[in-house]
Each structure stands twice: as C-alpha cells, then as structure tokens.
K.L.:
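Can you read through this structure? Questions will come right after.
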Number of protein chains: 2
Amino acid sequence: MAMYTIGQFSRITGLSIKTIRLYHEKGLLRPALVDEFTNYRYFNDHNVDTARAIAYLRELQFPLAEVQEILSEFREDTEVLPFFEKQQKLIQARINQLNQAATSLDGVIRREKEVLTMLRQLESDIREKEIGDQTIIGVRWKGKYSETGKWIGQAARQSGRSIRGAPFNLYYDCEYKEEDADIESCFPVSGLTEKHHQKARVLPGGRCLSLIHKGPYEQIGLSYQRLFEYLQKKGYRAQTPSREIYLKGPGIIFRGNPKNYLTEIQIMIAPQNGGQDERQDGRQD
Amino acid sequence: MAMYTIGQFSRITGLSIKTIRLYHEKGLLRPALVDEFTNYRYFNDHNVDTARAIAYLRELQFPLAEVQEILSEFREDTEVLPFFEKQQKLIQARINQLNQAATSLDGVIRREKEVLTMLRQLESDIREKEIGDQTIIGVRWKGKYSETGKWIGQAARQSGRSIRGAPFNLYYDCEYKEEDADIESCFPVSGLTEKHHQKARVLPGGRCLSLIHKGPYEQIGLSYQRLFEYLQKKGYRAQTPSREIYLKGPGIIFRGNPKNYLTEIQIMIAPQNGGQDERQDGRQD
DNA sequence: CTATGGTCTCCCCCAAGGGGAGAGTCAAGT
DNA sequence: ACTTGACTCTCCCCTTGGGGGAGACCATAG
C-alpha cells in the first residue's frame, strides 16, 4: 500500500498543505499513519478517496462541519439526500440574493452611463425634437415643488424592478405655481408584471422643445423663461403637461453637487393649424 | 438639528449597535459628536444619509474597505462607476460558481431520487418490456470488465453537463469473456451543444428482457444465467449488444456497500419471425 | 437615592484557511 | 559521518463582518 507524505498528498489531491492539516485537525481526514515521535502525517489511497469526497462536497458549498457529519455518519450516497436538498435550497437563496444585487448594479451602471454620455454631448441650447411614446407609471399629487423627492420615491416603489430610465415630473399647470402645483411624478417602465400592468399607461410622444438645464433646481426658472421666449418668437403653442426629466440629481449614494445637476425640460408643441389631430392635452388618467 | 443616541440611530437605520460601532471604528461612519468624557456617540441626520449609503453599498456586496474608499474619495455617483463595474464582474463570477454547484446538486438529487424509487419498486424478476430510443455518447474499448470505471469516467467527461441518466455498458460480445471484451461505456444525453452533437448517436429501442441484479458485480454471472435460461425456454433470439445499466454502483461520495449495488441487465430480443410488427403482449410498463 | 436601562471598552468567537517563525526531520551528496 | 536543502511540525496572528458577553460607566425617572 502506497504511503504519501503531506506534500505528495497535497499534489495528488490538489488541496493545500494548510488545508489538509485543517481537515485533519477537524477530524475530516485522518491520516493513515501519524509518526508518534516526529508527528509526521502519512496518507494512503483510502485517504485520497476521502479527500476527493471532501473536495466534492466543498465544491457544493457544504460547510466543513456538515461535510464531517456526512462523512462520519453515512456510508451510502442515497442516505445523504436530505443534506443535498437542504443545501440546494440554501444555494438557491444565495443565488437569489446575488441576483438581486446584480440587477440593482445593472440599473445603476446603466443610469450612470447615460448620464455620462449626456454630459459629453451637452450643449445647453434649445432644440426641437421628436420624442416617441413611453410607457410610464406615475403618481399624481398636489403640493410644493420641493416635495418632489418624496413622490419620486413613491413612484419608484410602484414601478419596482421595471424602471427603465430617469425619473421625471409632469406639470399639469399652465403657469408656475409656488404652492399647490399639480404634478405627476413618473418613471419610464418596461417588462411589467401582470399586477403592475394596470398602473402603467402610455405617454404619447410628438414634437417638443427641449432644453437641458444645468445647475440647482432653484434656478430652473431662467431656463423656463428662455423656453417661453423661444415659443413666442416661433409662434408655437405649448401643450400641458410639460416635462422635467431629472437626468442627474441627488444620486443614490451621494447627494452630489447641485451645480452639476442636469434637468431636461420638454415642452410639447401643439400641431400648428388645421390638422384634425389637434390634441390639446395629454391627460388620460 | 436632531441628535440621536446610538440606540435611536440603530432603530432609524436598521443597523445593529455592534455594526454601527464597527463602521465608526473603521472610519466609515463618523458620529456627529463623541462626548469626550463619556465617549458616548451622537448622530445627526447627515449620519443617517451616510448610513443609508453604506447599507445600500453593502446590499450590492461591496466589502467595507471599498465602501470606505468610495465614501471618502468621491462626492458624485458617476465617479463611482468603475467600482460598480468591477463589482458587477465579481458578483457575476460568484453567481456562476454557485450556479455550477446548484447544477451539480440538481443532478445528484435527481439521480439519487431515481435510485430510491428503483429500490422501492424492486422485484428481482425477469420482465419483458419495450424501451424507447435513446441518444447516447459512448466510448468503445477492449479490455477487462473491471476497467469499466475508468471508461465510464471517460464517457462522463465527453458528455459533460448533458448527462441525463445512469451510465451503462454495451457488450458487443455474444458470450462472456474474461479478458479483451468488446465494450462501449455510455451515458444517455440530451440538450447537447453543437460541438458535442457529433459524438452522440441514437441507440434504438425495442423489446427486451430486463432483470435487475442486486449485489456485487462479481456475482452478475448468475443473473445472466437466469436470463439465458429464460431466453431458451421462450425460444427468443438475443441481439447484441446487451446492456448493463449501473443504477446504483459506487457513489459520488461513498463507495457504498456492494451488496446494495443495482444493475439492470437488458437483452434485446430479435423480432420473432416474418411479421414485421409482431407484439405478443401489451406490457409496456 | 436608587432602579432601570443605555452605553462604553475589551475580549473572545465564527469559517476556512493563509502567512510566517522557529524548530525538528528526511534523504541525497560528499 | 557530515552537511545541505527541502520538508514538515507546531504555534501564533491575520483575514470579513460582525455577534455575545463581562464589567464598568452614564442618564433619567420616580
């Protein structure tokens, strides 16, 4: 019967010497012989089998204590079935937890990347553009502008994992109101589950004026002023609700510097004249 | 500005007192005030924000050291993007590892459950039954019966994650040979990838005699003898190759007790005479 | 003034090993 | 027989993210 020193045994089994000694100490792997004078460990082929079994169970993420229990109390694979099933549940739970983290990370990364490309191609000028229809979930409320954060949070909870872009507000008032403004806080969504589906609706696209406001929200009045001037100069007719998209605001981790906040203001333009498809107002809910 | 004792702060943030002290010690969470005489910690609302950020990053599985680095060196979410991306890769790796374990566990559980049902409905009697076509991957070899283990391992490696049942041998010799037997060691497979596809082939089904042999392989000769007697009595003609299905042999963890090994022997029966579809018996089990 | 409950620091514990120090051992070459 | 270099031994400390508990202060209400 071949006997191996711990180094040879380590090379055979792929376990580190430290690990082998640990398994010995914990009673998982008893060397075939321990020299009673030198304390040198010597292993045989049966030990190799045991080591392989341990390595296999460790791959299956069993804790050492459980490995020992299995190895010491059973002699047949079938008897270990309950352990396997317990372990399977445990691993599924861990996978779910990690998947949740991965999903969150994914969302964060996507959002921050969008912000970065936004920042790069930023020109703080009024543009006319076409925007498409969007499926959204929103929360309608009345109050002061500064309460927006709370309601965005509300909308985020309603949308759960379906959020597909930056939050925005819809302003249903035609004019600026300090108090008691009529606002809907929304998220664009997609891939909704059944029960979320009824809370969502489609926000129609169309032609709009767009201006990206850079800086704190307190100064957003100036950007609105520029937009209204432009509207008047071109003779366009504005449609409510107007939209304020919070491309970059207080972050998830940091509040950030308000000087770098980015908010896109979109004012939908009513079709010019005559056209029978004259929608004055997108209210549907 | 509201100030909270550590207990209140713990209730607000959901972090345990121990955890808060740890974060303080590691420099992640500096209390707004530490009484210089009593060493009591007092926290304010800004601390609540920080604690929330820490909890969020911990949910994303960031280690504390990284959380501290992020919190101490950055002020904007976008700057943290590289950390997020690194973390995403790390989490994916962990998920992959766990998924591998889960897949292995799944296979083991399925196999052992099959063995258990086998054991329950075991009657060690000769039966005639129809078996269906099977897609298999096999390794053909010549040598001694006892080398089977090695070649089954070979076949397992070839089949990878597509294995769908117990391993078996095909015996191409008409008679029992001690040495230099002509054998193919196989696994039933399904869900093959492209590159595995060409190694697989279909093993045709048909009518066969089946006997489940219980006990060590060394005694399998007796079971063969019973089968051959039955064949002769019925006047059936046997077809090669015959099959030996290792329902329960040495396990993955334990070698197990050879007295409990289960091996199903299947001998295909050649169609009787003339009639190309002559079923004599409705048994289909 | 005391009782009760909060809080402090300090120390030990978990899992699954890794790193290294200092001492002892083995086998081969000289 | 001696040396040398490679192994191996035990013992201790370190990691992560906290948990448990001891013994000593602290705060506040009755």
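Numbered from 1 within each chain, the chains take letters A, B, ... in sequence-line order. The shown structure was predicted, so the numbers you read here are calculated from the model rather than taken from an experiment.
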K.L.:
Could you verify whether a donor N or O on one side chain and an acceptor N or O on the other, from B:Y42 and B:N47, lie under 3.5 Å apart?
P.N.:
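No donor-acceptor contact under 3.5 Å links the two side chains.
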K.L.:
Of A:L22 and B:G7, whose nearest nucleotide on DNA chain C comes first from the 5' end?
P.N.:
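The residue whose closest nucleotide sits nearer the 5' end is B:G7.
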K.L.:
D:dG19, OP1 or OP2 - any side-chain N/O from B:T19 closer than 4.0 Å?
P.N.:
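So the side-chain polar atoms of B:T19 do come within 4.0 Å of the phosphate oxygens OP1 or OP2 of D:dG19, strictly under.
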K.L.:
Using ring centroids (six-membered ring only for Trp), state whether B:Y217 and B:Y261 fall under 6.0 Å.
P.N.:
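Close enough - the centres of the two rings lie under 6.0 Å apart.
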K.L.:
Quick one: A:E36 CD to D:dC9 P, roughly how many Å, whole number?
P.N.:
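Whole-Å distance recorded here is 16 Å.
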K.L.:
Rounded to 10°, tell me the angle between the two end axes of the helix from C:dC1-D:dG30 to C:dT30-D:dA1, each built from five pairs.
P.N.:
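Taking the rotation axis at each end, their angle is 30°.
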K.L.:
Evaluate whether atom CZ of B:R164 has more than 12 neighbouring non-hydrogen atoms of other residues, nucleotides or ligands under 6.0 angstrom away.
P.N.:
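Result for CZ/B:R164: enclosed.
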K.L.:
For A:R21, which contact category applies under a 4.0 Å heavy-atom criterion: base, sugar-phosphate, or nothing?
P.N.:
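If one applies the 4.0 Å heavy-atom cut-off, A:R21 turns out to touch a base.
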K.L.:
Is the side chain of B:Q154 donor-acceptor paired with the backbone N or O of B:V139 at a distance under 3.5 Å, no angle test?
P.N.:
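No.
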K.L.:
Any chance you could list the contact pattern along nucleotides 22-30 of chain D? Use B for base contacts, S for sugar-phosphate-only contacts and - for none, protein heavy atoms under 4.0 Å, 5' to 3'.
P.N.:
----B----
K.L.:
According to the ring-ring contact (aromatic ring centres under 6.0 Å, His included) rule, which pairs have a member within residues 2-35 of chain A, sequence neighbours left out?
P.N.:
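Of all non-adjacent pairs touching residues 2-35 of chain A, those that pass ring-ring contact (aromatic ring centres under 6.0 Å, His included) are A:F9-A:F43.
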K.L.:
Report the distance from atom CZ of B:R58 to atom C1' of D:dG18, rounded to the nearest whole Å.
P.N.:
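So the CZ-C1' distance, B:R58 to D:dG18, works out to 9 Å.
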K.L.:
Using whole Å, what does the distance between atom C1' of nucleotide D:dC9 and atom CD of A:E25 come to?
P.N.:
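Answer to the nearest Å: 13 Å.
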K.L.:
Suppose we screen for side-chain contact (heavy atoms from CB on, under 4.5 Å). Which residues come up paired with A:K144, at least two apart in sequence or across chains?
P.N.:
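Partners of A:K144 under the side-chain contact (heavy atoms from CB on, under 4.5 Å) test: A:S146, A:E147, A:E179.
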K.L.:
What integer distance in Å separates B:Y23:OH from D:dG19:P?
P.N.:
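Checked: the OH to P distance equals 9 Å.
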K.L.:
If only atom types and distance count, is the side chain of A:T103 paired as donor or acceptor with the main-chain N or O of A:N99 below 3.5 Å?
P.N.:
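Indeed, once roles are kept as given, a pair shorter than 3.5 Å links the two residues.
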K.L.:
Is the B:W141 ring parallel, tilted or perpendicular to the B:W151 ring (thresholds 30°, 60°)?
P.N.:
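Ring orientation of B:W141 relative to B:W151: parallel.
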K.L.:
Using a heavy-atom cut-off of 4.0 Å to chain A, what are the terminal contacting nucleotides of DNA chain C, in 5' to 3' order?
P.N.:
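Boundary nucleotides touching chain A, in 5' to 3' order, are C:dA15 to C:dC26.
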K.L.:
Output every pair passing salt bridge (Lys or Arg N to Asp or Glu O under 4.0 Å) with a member in residues 14-39 of chain A, not counting sequence neighbours, ordered by first then second residue.
P.N.:
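Qualifying pairs: none.
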K.L.:
What does A:R41 touch in the nucleic acid at a heavy-atom separation under 4.0 angstrom: a base, only the sugar-phosphate, or nothing?
P.N.:
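Answer is sugar-phosphate: A:R41 comes under 4.0 Å of backbone atoms only.
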K.L.:
Do A:D106 and B:Q88 have side-chain atoms, one donor and one acceptor, less than 3.5 Å apart?
P.N.:
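Yes.
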K.L.:
How many whole angstroms separate atom CZ of B:R94 from atom P of D:dT16?
P.N.:
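Taking CZ of B:R94 and P of D:dT16, I get 14 Å after rounding.
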K.L.:
Okay, side chain of A:T263, backbone of A:I245: is any donor-acceptor separation there less than 3.5 Å?
P.N.:
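Absent.
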K.L.:
Measure from CD1 on A:I6 to C1' on D:dT8 and round the result to the nearest Å.
P.N.:
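Rounded to the whole Å, the gap is 8 Å.
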